[in-house]
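Quick notes on the structure that follows.
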Amino acid sequence: MDRRIRERILVPAREGRAVPVLAGGRFRVVDVEGQQVGDLFAFSARDVGEYASAEHTRVGIARLFPRVGEAFLTNRRRPILTLLAEDSPGVNDMLMAACDPERYRLLGVTGWHASCEENLSRAMAGLGHPSVEVPQPINLFMDVPIGPDGALSFKAAATRPGDSVTLRAEMDAIVVLSACPQDLNPINGPGPTSLAIDLLD
């Protein structure tokens, strides 16, 4: 294992995990088996009412998604994460909402289905935050092409086993990663698999 890795937190398929990361701390999100989307959320550890905000980030960087060296901003327009390295095809999304029970109901599911919204809520409750906003996620590795007419489509993630992105926390943060359970469109290739969070020295 890479000697820079202090700890690896496995995020099993269809599940989520939360981890505190101090300001200045670096972590890597790894697609362990390939073609797996990860819904990434980040909250201020001091006040979970402040969180990584896709809409504020897009305004701040004037792009759909940050480039290496650029920051994700919070709903209070402060940097919370910086993208340090993109060791993947570099296809990510900040337009699609986290999947939730209603999304699966509309797709024809009867009964319970795992969702990124539920994964987020469960992971944050486990750290003592039973009620948090469900922000627009940072959808790592998710391929949502925008057509010339503005139409959106869903493609299988192009990541291969071991592809990753590396980020740095710009404030004390709680980071949540959900290995997206979506299995009714092609975003996760043949089906949901695992991700990992590597906490780096």
Side-chain angles (χ1 to χ4, degrees), residues 2 5 8-19 26-42 52 54-55 57-58 61 63-68 70 72 81-101 103-104 106-109 113-120 123 134-148 150-167 175-200:
D2 190 326
I5 299 174
R8 168 163 282 197
I9 298 152
L10 185 67
V11 184
R14 306 174 189 270
E15 297 185 17
R17 296 291 185 271
V19 60
R26 297 178 306 123
F27 66 97
R28 185 165 54 210
V29 176
V30 182
D31 188 350
V32 176
E33 300 171 60
Q35 293 196 301
Q36 175 60 44
V37 169
D39 283 39
L40 181 69
F41 306 87
E55 54 265 43
T57 299
R58 290 194 298 265
I61 64 173
R63 292 176 56 82
L64 287 174
F65 198 89
R67 292 174 290 196
V68 170
E70 294 182 328
F72 297 88
L81 300 175
T82 295
L83 182 61
L84 296 182
E86 178 74 78
D87 297 303
S88 82
V91 179
N92 305 286
D93 167 73
M94 285 201 309
L95 295 175
M96 294 292 141
C99 58
D100 54 32
R103 168 80 166 138
Y104 289 109
L106 292 170
L107 289 172
V109 173
H113 191 289
S115 70
C116 288
E117 178 182 280
E118 186 176 273
N119 288 343
L120 168 66
V134 181
Q136 160 65 54
I138 301 164
N139 291 312
L140 297 175
F141 316 132
M142 186 171 180
D143 191 355
V144 181
I146 303 173
L152 302 175
S153 57
F154 299 95
K155 292 181 64 177
T159 42
R160 304 173 79 174
D163 283 354
S164 67
V165 298
T166 303
L167 303 109
V175 171
V176 181
L177 180 66
S178 172
C180 183
Q182 179 59 261
D183 52 8
L184 298 171
N185 70 33
I187 62 167
N188 290 316
T193 55
S194 57
L195 299 171
I197 304 169
D198 288 342
L199 300 179
L200 305 175

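Note that the numbering runs from 1 along the sequence shown for the chain. Only this structure's heavy atoms are used, side chains among them; waters, hydrogens and symmetry mates stay out.
- Between the side chain of D31 and the main chain of Q36, a donor-acceptor pair closer than 3.5 Å is present.
- N139 places no side-chain N or O within donor-acceptor distance of the main-chain N or O of D39, the cut-off being under 3.5 Å.
- Remark: the backbone N or O of R103 is paired with a side-chain donor or acceptor of D100 at under 3.5 angstrom.
- The number of heavy-atom neighbours closer than 6.0 Å to CZ of R63, taken from other residues, nucleotides and ligands shown, is above 12.
- Using modelled atom types, no side-chain atom of E118 and backbone atom of S115 make a donor-acceptor pair closer than 3.5 Å.
- With hydrogens and angles ignored, the 3.5 Å screen pairs no side-chain donor or acceptor of E15 with any backbone N or O of A179.
- The line from SG of C116 to CG of L177 is 9.0 Å long, rounded to the nearest 0.5 Å.
- A donor-acceptor pair is defined here as one N or O able to donate and one able to accept, closer than 3.5 Å; no such pair exists between the side chain of D87 and the backbone of S164.
- No donor-acceptor pair closer than 3.5 Å links the side chain of Q35 to the backbone N or O of A158.
- If you take OG1 on T193 and CZ on R14, they are separated by 10.0 Å, rounding to the nearest 0.5 Å.
- Atom CG of L64 sits about 11.5 Å away from atom OG1 of T57, to the nearest 0.5 Å.
- Taking the ring pair (Phe, Tyr, Trp, His ring centres under 6.0 Å) definition, one finds that F72 meets it with F65, sequence neighbours left out.
- Rounding to the nearest 0.5 angstrom, the gap separating the CG atom in N119 from the CZ atom in F41 is 8.5 Å.
- Interatomic distance, T166 OG1 to R28 CZ, rounded to the nearest 0.5 Å: 5.5 Å.
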Please determine whether side chain to side chain contact (heavy atoms under 4.5 Å, CB included) holds for the pair M94 and I138, giving the CA-CA distance in whole Å, both sets of side-chain angles, and the decisive distance to 0.1 Å.
CA-CA 5 Å; M94 285 201 309; I138 301 164; 4.2 Å; yes

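- The closest side-chain donor-acceptor pair between E33 and S194 falls under 3.5 angstrom.
- Of the possible polar contacts, one joining the N188 side chain to the V37 backbone as a donor-acceptor pair under 3.5 Å is found.
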